[in-house]
Structures are given as C-alpha cells and as structure tokens.
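Below: the structure, in structure tokens.
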Protein chains: 2
Amino acid sequence: MSDKTTRPVPIDVDPELACPIAPVVDIVFSRWTTPILWALNEFGRQRFVELERAITTITPKVLTQRLRQLERDGLVSRAYYPEVPPRVEYEITELGRSLAPLFASLAEWSVNLDKVEQARRDYDERVHGSRRGTPPSTQR
Amino acid sequence: MSDKTTRPVPIDVDPELACPIAPVVDIVFSRWTTPILWALNEFGRQRFVELERAITTITPKVLTQRLRQLERDGLVSRAYYPEVPPRVEYEITELGRSLAPLFASLAEWSVNLDKVEQARRDYDERVHGSRRGTPPSTQR
DNA sequence: CAGCATCCTGCACGATACTG
DNA sequence: CAGTATCGTGCAGGATGCTG
C-alpha cells in the first residue's frame, strides 16, 4: 500500500464542485432515463407505444415526462406525424449516442454483479438476526 | 418499412432483461451514492464527519443509510475504532475501486454539459410562452 | 464523534378519465 | 395512438432529540 497521502478534503467545496460527475449522473441516470436511452440506442427509433411496451413497468404519464426531459436535454429527438391515428417516433440524438461507450462500460462492469450479491449475502449473514431486527432482505 | 433493421422489440422482455445495465445503475448511481463513492475514491479513506462535510448537503441520517448500503454491496468498507471519542473510517474497496474507469468515462462525458445546457435553452425558447400555461407569478 | 429513533413533509409516481 | 389533467399515495429524505 502506498501511503497515498489521504490529503484533507478541501473545505471550500460546494456540492457541485465536490463531485464533478454528479451533474452527468443527474442527466443520464435519473429515474427512468437509463432504460429509455438504452432502448432507443439499442433498437433505434421507436414509437411511444413501443417504448411503453419495452419498459413494461413504466406508466404512460411518466414515460411522457421522461421523454420530454430527455428531449429538452438534447439526448432524444421527437418526430410527430399528424396522421390518423397520430404517430410519434422517438430517436436518440447524436449527443445521446455519444453515451454509448458509457453504456458499454456499465455493461462490462455488470460482470461484478455476482460479487455484489455475494457481498450482500455475507453482510446479511454477518448482521445475522442480532439486535432487534431489520427483517432480512426485503430490499426494494 | 424501414430498410434500417429497426427490428421489432422482443415482446418477452421483462424489466430487468430489457435493460441489462439497469441493475448496475441501481447499485452505483442510486440517490447519494455517486458523490460518496467519488469522494472515497478521490480522497481515500475518510471519517464519517469528513464525508459529511465533503457532501455538504447530505444529512447524517441519509449518509449513514447510503454508507450501509454501499458497505452491504461490498463497495465500501467500514472500520470502527472504539476510542473516545469514537472514530469510524470508511474506505472504498477493491470492488469499488473497479468503478474508477466508469467514473473517468463520466468525467469525460461532462464536456458535453454545455451542449445539454444549450439544448435546454433552445427547447425552452422554442416552447417559449406558447400555450396557456403557467401564468407568470400572477397567483399569490 | 457516529450513530439510531421518531415524527413530519414533499413530490415522484400510480391510477383513472378524458381529448385531438 | 399519444398524449394531457386531476386526484391520491408511499416513501425517500429533512428536522430534531437522545445514546455509547
């Protein structure tokens, strides 16, 4: 172990400065944005109802909200065709597509999910049932 | 028909299968975990109060919750020293450190934040004040 | 210092109904 | 089909107070 100078944290940091990647996370990984962006990036342009089906658990209201947000952020583009019945197609933008390597990194890291699950088992076992307790598991 | 292989989305996808990176996002980028992991990765092991100060806006309760979660997931280790006053030091684990390239990707992408902000301005201008909406502060 | 217990609040999201 | 409008709710998170 190199004694890597655990240098004192600068005291003047404010929330945004403290963690420069936080803003990106807010934009890209906020509530439902990941599956939406991923689906659009993976399967190409899709209609509203297709997205709705692809992300089975989302409600149309929230899907609309998130799509608007992503459109506003320039990550997704919306094409409206005033036919009957109306048709709307969503597509990932160039800016959105620039997230692809990020998603790839994420996907790579997912090989570690077993370790996480193992760590959880170890932890839960270590905590045992000691103390008044927190019924095991039941997270989310 | 698009000649562009917008192949139909498989219908049998369930939420988790639909987006393979979602679980990773849940673990790594859930509510306050990013600044915590980032701080521990950047500044090395730190005491509770140091983290509290580094992430200025977090409350001790929530910080505890998130640290427990990260500890359970094996991303952070907790060392308790029963002195007076007691001392607790948190450190990122090897597994946690394996996220570093991911954070680096995030940091790289943050050069695009201007584009996002520009897109927002464009969008807001495009929507302008059209439609009935949102009477500017007339109420109360 | 490093927490846990308790109470309280906001708002993110679900459910439902209705338009173009 | 692709949304909006409205109402209701759970629970993440804030505030406060108390321990080892």
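Treat the numbers as computed from the prediction; the structure is a model and nothing was measured. We name chains A, B, ... by the order of the sequence lines, and we start the count at 1 in each one. Excluded from the calculations below are hydrogen atoms, water molecules and symmetry mates; all remaining heavy atoms, backbone and side chain alike, are included.
One interatomic measurement links the two molecules: CZ of A:Arg78 to C1' of D:dG3, which rounds to 8 Å at whole-angstrom precision. Note: CD (B:Gln69) to P (C:dG3) measures 15 Å, nearest angstrom. As rounded to whole Å, 13 Å separates atom P of D:dG3 from atom CD of A:Glu83. Residue B:Arg68 contributes atom CZ, which lies 16 Å from atom P of D:dG13 at whole-angstrom precision. As rounded to whole Å, 9 Å separates atom P of D:dG3 from atom CD of A:Glu71. Between A:Ile58 atom CD1 and C:dG14 atom C1' there is a gap of 12 Å when expressed in whole angstrom units. At whole-Å resolution of the value, CD in A:Gln65 and P in C:dC11 are 14 Å apart. Rounded to an integer number of Å, the gap from CD of A:Glu52 to P of D:dA2 is 8 Å.
Ion pair B:Arg97/B:Glu94 flagged as a salt bridge, since at least one NZ, NE, NH1 or NH2 atom sits closer than 4.0 Å to an Asp/Glu carboxylate oxygen.
Side chains of B:Ser30 and B:Gln69: a donor on one and an acceptor on the other come within 3.5 Å. Inspection of the A:Gln118 and A:Asp122 side chains reveals an N or O donor paired with an N or O acceptor under 3.5 Å.
Residue contacts shown for A:Pro86 include a base, since a base heavy atom lies under 4.0 Å away. Contacts of B:Tyr90 with the nucleic acid, taken as non-hydrogen atoms under 4.0 Å apart, involve only primed sugar atoms and P, OP1 or OP2.
For the residue pair A:Leu113 and B:Pro23, the shortest heavy atom distance occurs at CD1-CB, 4.1 Å.
Taking the side chain of A:Val49 as heavy atoms from C-beta on, and the options C:dG3, D:dG3, D:dA2, the nearest nucleotide is D:dA2. Distance from the side chain of B:Arg66 is smallest for D:dG13 among the nucleotides C:dC13, D:dG13, D:dC1. Nearest nucleotide to the side chain of B:Val88, out of C:dG14, C:dG3, D:dG13: C:dG3. Set against D:dA12, C:dC1, D:dG3, the side chain of B:Arg31 has D:dA12 as its closest nucleotide.
Put simply, the side chain of A:Lys61 and the base of D:dG3 share no donor and acceptor less than 3.5 Å apart.
Between B:Thr59 and D:dG14, a side-chain N or O to OP1/OP2 separation shorter than 4.0 Å is present. Applying the 4.0 Å criterion to OP1 and OP2 of C:dA2, one finds that B:Arg47 has a side-chain N or O inside that range.
Side-chain atoms of B:Thr56 never come within 3.5 Å of backbone atoms of B:Arg53 as a donor-acceptor pair (strictly under, hydrogens ignored).
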